[in-house]
Amino acid sequence: ELVVPLPPHEEQLRIVEKVDELMALCDRLEQQVGDQLEAHEVLVDTLLDALTRSADATEVAENWARIAEHFDTLFTTEASIDKLKLAVLDLAADGKLIAFHEENRPLKSMLSFGPRNGFSPRESSSYTGLKVLKLGATTKGYLDLTESKNAEISEPGSSHLWLKSGDILIQRGNAASHVGCNVLIEEDQPTFIYPDLMMKIRIKEEADPKFISAYLTAPKSRKFMWERMTGTSGTMPKISKKVVEAIPIALPNLEIQKATVDKIDELMALCDQLKARLSEAGATRNHLAEAVVEQAVN
């Protein structure tokens with residue numbers, strides 16, 4: 001019973017011809033954009049790879065200058081900005097952001113607690129005032145307490161399961177891309193515990209938890225864990241406590257650790273500003289496109 005306005009046959013043919021013409025134009029534009037994005041991605045990957053492979057501070061400065069010269073044209077997508085963030089973390093872990101030359105040591109030698117698995121209690125259908133984190137709570141790079149569920153918890157206040165400032169939570173099991181991701185707990189969360197598929201570590205006084213968390217987030221550390229995952233075919237991949245304990249870390253003195261964290265924070269803030277500008281530009285483009293289409297249709 002759909003009512004269809006039916007113009008004369010010749011006009012129908014002209015409409016179909018115009019639709020075909022505009023669809024062909026859209027297809028060509030889509031192909032051009034795809035080719036441009038692919039070329040852009042290759043260029044970003046090449047320049048960032050050269051940056052992270054820099055042999056020393058002088059080479060880092062040279063490669064960074066090359067990137068800085070074309071900054072506004074290189075980092076024009078969220079994916080390219082995310083790659084820049086990872087490059088910053090790798091440079092920091094290699095002692096090329098703030099210079100240091102310490103030898104690698106296993107993470108185990110820097111731990112005052114853990115790694116120790118969490119506990120997944122029975123979920124409660126009613127509000128209990130106590131919650132257990134879901135895996136999504138630590139996959140975004142920050143602690144998202146909305147990713148949690150009410151639970152029946154009877155653990156004593158002294159239990160290691162409660163979240164305290166300085167704890168680092170590491171996912172030991174999840175989709176492969178999330179295995180090994182970590183979050184630093186920056187404030188006590190006395191009504192939350194962490195689940196079985198996460199493990200907790202705490203760091204000795206010689207190390208800054210923020211530095212260790214950033215180091216564990218760097219691609220080189222994630223790669224170390226990914227290469228040692230088990231259960232990758234058909235079941236949820238996992239890493240063991242021994243894998244986490246064995247992660248190699250170069251630990252400079254506390255002053256350099258804090259300077260490195262400050263530099264990471266500065267560059268990450270820059271990346272977030274770039275993303276915000278992208279969102280604003282995207283919204284403007286969308287409004288413009290809608291206005292043009294509305295004008296053409298009406």
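Side chains included, hydrogens not; waters and symmetry mates left out as well; all remaining heavy atoms used. Residues: numbered from 1 along the sequence shown.
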Partner set under side-chain hydrogen bond (donor to acceptor under 3.5 Å, both in side chains) for [X], not counting sequence neighbours:
X	answer
R202	D167
T76	H40
D90	none
K242	none

Sorted by chain and number, sequence neighbours left out, side chain to side chain contact (heavy atoms under 4.5 Å, CB included) with C271 holds for I81, L84, K85
Can you list everything that forms a side chain to side chain contact (heavy atoms under 4.5 Å, CB included) with E186? Sequence neighbours excluded, please. L184, K210
Do [X] and [Y] pair up side chain to side chain, a donor and an acceptor below 3.5 Å, judged on atom types alone?
X	Y	value
N63	S54	yes
N182	T217	yes
T139	Q171	no

Check residues 258-269 and write down every donor-acceptor pair under 3.5 Å in which the side-chain atom is one partner and the other belongs to a residue at least two apart or another chain.
residue: T260; atom: OG1; partner: I256; partner atom: O; Å: 2.8
residue: K263; atom: NZ; partner: E266; partner atom: OE1; Å: 3.4

Pairs meeting criterion ring pair (Phe, Tyr, Trp, His ring centres under 6.0 Å) with involvement of residues 114-149, two or more places apart: none
Give every residue pair that meets the ring pair (Phe, Tyr, Trp, His ring centres under 6.0 Å) criterion with at least one member in residues 186-217, sequence neighbours excluded.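 Listed once each, the pairs are F211-Y215.
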Nearest heavy atoms of L47 and R66, plus distance in Å: CD2-CD, 3.9 Å
Quick one: closest heavy-atom pair of A175 and P237, and the distance? C-CG, 4.3 Å
Please output the side-chain donor-acceptor pairs of residues 9-22 that fall under 3.5 Å, not counting sequence neighbours, one pair per line with the distance.
residue: Q12; atom: NE2; partner: P7; partner atom: O; Å: 2.9
residue: K18; atom: NZ; partner: E21; partner atom: OE1; Å: 3.4

Qualifying residue, where the test is side chain to side chain contact (heavy atoms under 4.5 Å, CB included) with K223 and the options are E227, M225, K220: E227
Which side-chain N or O atoms in residues 152-159 pair as donor and acceptor under 3.5 Å with protein atoms at least two apart or in another chain?
residue: S159; atom: OG; partner: L161; partner atom: N; Å: 3.1

Strictly distance-based, threshold 3.5 Å: is any side-chain N or O of Q257 a donor or acceptor partner for the main-chain N or O of P252?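 Judged by distance alone, yes, a pair lies under 3.5 Å.
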Cation-pi geometry met for R228 and F224 (6.0 Å, 45°): yes
Scan residues 97-107 for pairs that pass salt bridge (Lys or Arg N to Asp or Glu O under 4.0 Å), counting only residues two or more places apart or in two chains. R105-E206
